[in-house]
Protein chains: 2
Amino acid sequence: MEKEVTIYDIAKRLNYSPATVSRALNDHPAIRSDTKDVITSMARQMGYRSNTFASNLRRQRTNTIGVIVPRLNSNFMSCALAGMEKVANEAGYNLIISQSLESARKEKANAKTMFDSRVDGLLVSVSYDTEDIEHFDDFINKGVPLLFFDRVIEHNQCPSIVIDNVKAGYEATTHLLEQGCTRLMHVTGNLKRNVYADRLKGYRMALQDRDIHYEKQLVLETDLSQEAGVEAARQLMAFPHRPDGLFVTNDLCAVTCMGQLKKAGLSIPADVAVVGFNNDPVSQVVEPNLTTIHYPGREMGEIAVKSLINHLNGLMDMQTTNTIILRSELIIRASSLKKAH
Amino acid sequence: MEKEVTIYDIAKRLNYSPATVSRALNDHPAIRSDTKDVITSMARQMGYRSNTFASNLRRQRTNTIGVIVPRLNSNFMSCALAGMEKVANEAGYNLIISQSLESARKEKANAKTMFDSRVDGLLVSVSYDTEDIEHFDDFINKGVPLLFFDRVIEHNQCPSIVIDNVKAGYEATTHLLEQGCTRLMHVTGNLKRNVYADRLKGYRMALQDRDIHYEKQLVLETDLSQEAGVEAARQLMAFPHRPDGLFVTNDLCAVTCMGQLKKAGLSIPADVAVVGFNNDPVSQVVEPNLTTIHYPGREMGEIAVKSLINHLNGLMDMQTTNTIILRSELIIRASSLKKAH
DNA sequence: CTGTTAGCGCGTTCAT
DNA sequence: ATGAACGCGCTAACAG
């Protein structure tokens with residue numbers, strides 16, 4: 001293991017002081033541009049690489065952004081992460097990613113690690129069973145920018161980035177009603193989480209606007225897994241007065257559910273019209289293609305990081321931009337089209 | 001911004017030396033367990049958090065593993081990353097993830113960043129157009145463990161983790177032949193990459209074992225995108241003597257291709273039997289369900305990190321385990337079953 | 001078992 | 001425009 005080259009080595013070699021070398025390498029204005037040239041080229045020649053830790057230690061910054069998500073292997077989340085990585089990378093930041101696996105306990109542990117790693121900022125989409133955000137208090141108290149996205153928690157010091165889930169739920173439901181559905185089942189996730197609670201709210205508003213009675217038994221709170229899709233199909237078919245419309249807040253779950261319904265001999269959309277959520281690739285593969293809400297995952301990731309970096313650079317304070325709302329979009333495909341064109 | 005608590009503050013408060021505090025906090029064996037207790041509880045009480053940079057600077061380690069992948073939003077890759085994160089996290093390592101977006105240029109830039117961040121080890125799946133691995137020489141010269149997975153490049157100093165792609169290709173092809181197919185089209189990715197070259201090799205071996213003439217025109221080298229699936233379907237149908245079997249090395253591409261074939265009135269598997277690759281969720285959604293090769297993504301990620309950490313701990317040197325081969329598995333579903341049960 | 005000492009490599013005053 | 005000197009917080013020798 002050969003010895004690392006430091007600014008001292010460069011300084012000695014060029015008869016400059018380490019201070020000058022440091023300044024030159026950081027493009028400090030008070031250094032003549034020709035000496036800058038000499039120094040940088042010598043640095044390159046000697047195979048110098050700056051030591052991030054020494055620098056971080058000194059500057060009390062890390063150029064690192066932490067990300068905590070429930071799980072990283074869903075289509076939505078991997079797109080969001082891809083967007084984050086791209087923007088962060090271009091801005092010279094590193095990303096440290098960890099997953100809570102839907103457990104508040106693990107989320108807490110991850111938060112501690114992030115805190116100890118002194119990330120400059122933290123992006124969080126909370127787990128299923130997160131109750132409070134005490135475990136993020138350290139960040140807030142220390143003034144480390146904390147930003148929630150997708151699954152957010154209200155906090156007046158933390159901006160959040162979301163889509164308008166109420167509107168999306170409203171649109172999905174209204175679309176089904178416009179297609180002539182009269183009885184809508186709604187399969188969703190943990191109602192503690194804003195995303196699911198809001199979509200339900202939209203569902204209820206759409207019903208109300210058309211004077212349709214809201215039946216609690218038609219709403220299924222699940223974990224949105226594929227198994228949940230199977231179970232949802234079972235329940236749907238068990239109703240004496242069978243629902244003729246189905247709104248599932250996750251495409252993969254919706255698609256599995258559709259599979260079960262078809263297997264049982266029901267026809268889609270004639271017997272049951274279906275709308276999913278996320279615009280996952282599976283939605284364009286299943287037959288009939290699944291009507292769904294396009295969720296701008298990549299864009300959300302990009303904006304989350306951009307916004308965080310702006311905070312870090314002081315271009316924006318935490319108060320001004322408390323909530324950013326991205327546009328989602330209903331994408332109509334065959335699975336919900338009862339009326340032919 | 002309140003002042004950070006350091007081990008000096010704890011030491012002073014407890015009348016110990018900083019060294020003792022440091023050792024106690026790191027669970028050093030040569031410290032009495034009761035003084036450990038006193039120190040750790042005081043640390044907690046004072047709101048102490050260890051400073052990773054100072055520690056890294058001193059120990060010349062980072063407890064960070066770098067990962068460079070072509071893109072992180074595919075089902076396979078996000079599962080692999082999920083596995084990596086889990087193992088790394090449990091072992092006290094952080095993950096820095098970046099994507100090359102299939103560009104050798106970006107891969108090179110990412111490698112430099114990783115090097116400057118002084119990652120303890122690096123995991124790489126190379127991009128489509130990576131020609132050489134000069135950009136990783138720094139790591140090799142410095143003795144930083146470098147490990148390739150999935151898309152690997154032969155190098156006697158770098159272990160790699162793969163599945164037996166030749167065998168997988170052989171099995172997929174043989175299965176189609178056993179179903180009575182006589183003319184097999186093969187849609188694959190960039191043949192510079194081991195994964196695709198090996199699968200092709202398996203395809204050819206299977207043909208040879210049954211004395212079937214290999215026709216170059218039946219092999220399509222594509223980017224495996226969904227568009228490529230559409231194009232593949234077009235070409236398949238354009239053959240005067242139409243192929244009756246299709247082996248695509250990517251499920252999403254295969255599924256899109258199937259969609260086109262069905263739209264054109266062909267029946268699957270009767271007219272064309274299809275086998276995909278990866279066992280992506282879409283394979284169980286498409287009709288008929290897609291026969292595919294299960295690729296153990298999550299497991300590969302876990303083993304990659306485990307293996308890297310073993311290297312770091314000196315439990316294993318780079319020579320002993322040059323290649324780890326994981327088991328893949330043919331999963332037979334309806335899309336390839338010409339013979340009824 | 002515990003303390004003393006000496007850097008790790010850098011950025012930043014304060015000088016000149 | 002450049003240099004001298006200090007300290008960020010921690011850990012590893014070496015002593016006892």
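What you see below is based on every heavy atom in this structure, not just the backbone, and it leaves out hydrogens, waters and symmetry mates. To find a chain, count down the sequence lines: A is the first, B the second, and so on, and within it residues start at 1.
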Specify the separation, in whole Å, of atom [atom1] of [X] and atom [atom2] of [N].
X: Tyr16(A); N: dC10(C); atom1: OH; atom2: P; value: 18 Å
X: Asn15(A); N: dA1(D); atom1: CG; atom2: P; value: 20 Å
X: Tyr48(A); N: dG9(C); atom1: OH; atom2: C1'; value: 8 Å
X: Asp116(B); N: dG9(C); atom1: CG; atom2: P; value: 15 Å
X: Leu57(A); N: dT11(D); atom1: CG; atom2: C1'; value: 13 Å
X: Arg58(B); N: dG7(D); atom1: CZ; atom2: C1'; value: 15 Å
X: Leu25(A); N: dG11(C); atom1: CG; atom2: C1'; value: 12 Å

Classify the nucleic acid contact of [X] as base, sugar-phosphate or nothing, counting any heavy atom under 4.0 Å across all strands shown.
X: Asp34(B); value: nothing
X: Phe53(B); value: nothing
X: Ile31(A); value: sugar-phosphate

Under-3.5 Å donor-acceptor pair between Arg23(B) side chain and dG3(C) base: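 Flag set: donor-acceptor pair detected.
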Looking at [atom1] of [X] and [atom2] of [Y], how far apart are the two atoms once the value is rounded to the nearest 0.5 Å?
X: Leu122(B); Y: Leu146(B); atom1: CG; atom2: CG; answer: 5.5 Å
X: Leu14(A); Y: Met46(A); atom1: CG; atom2: CE; answer: 8.5 Å
X: Ser50(A); Y: Arg118(B); atom1: OG; atom2: CZ; answer: 7.0 Å

By nearest atom, which of the nucleotides [options] is closest to the [X] side chain?
X: Ala54(B); options: dG3(C), dT2(D), dC10(D); value: dC10(D)
X: Ile7(A); options: dC10(C), dG9(C), dT11(D); value: dC10(C)
X: Ser55(B); options: dA12(D), dC10(D), dC10(C); value: dC10(D)

Phosphate contact ([N] OP1 or OP2) by [X] side-chain N/O below 4.0 Å:
X: Thr6(B); N: dC8(D); answer: no
X: Ser17(A); N: dT2(D); answer: no
X: Ser22(A); N: dG11(C); answer: yes
X: Thr35(B); N: dT2(C); answer: yes
X: Asn26(B); N: dT11(D); answer: yes

Test applied, side-chain hydrogen bond (donor to acceptor under 3.5 Å, both in side chains); reference residue, Glu107(A); option that passes from His135(A), Gln99(A), Lys112(A):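 Only one option passes, and that is His135(A).
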Between Asp120(A) and Thr62(A), a side-chain donor and acceptor under 3.5 Å: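 Yes, side-chain donor-acceptor contact under 3.5 Å.
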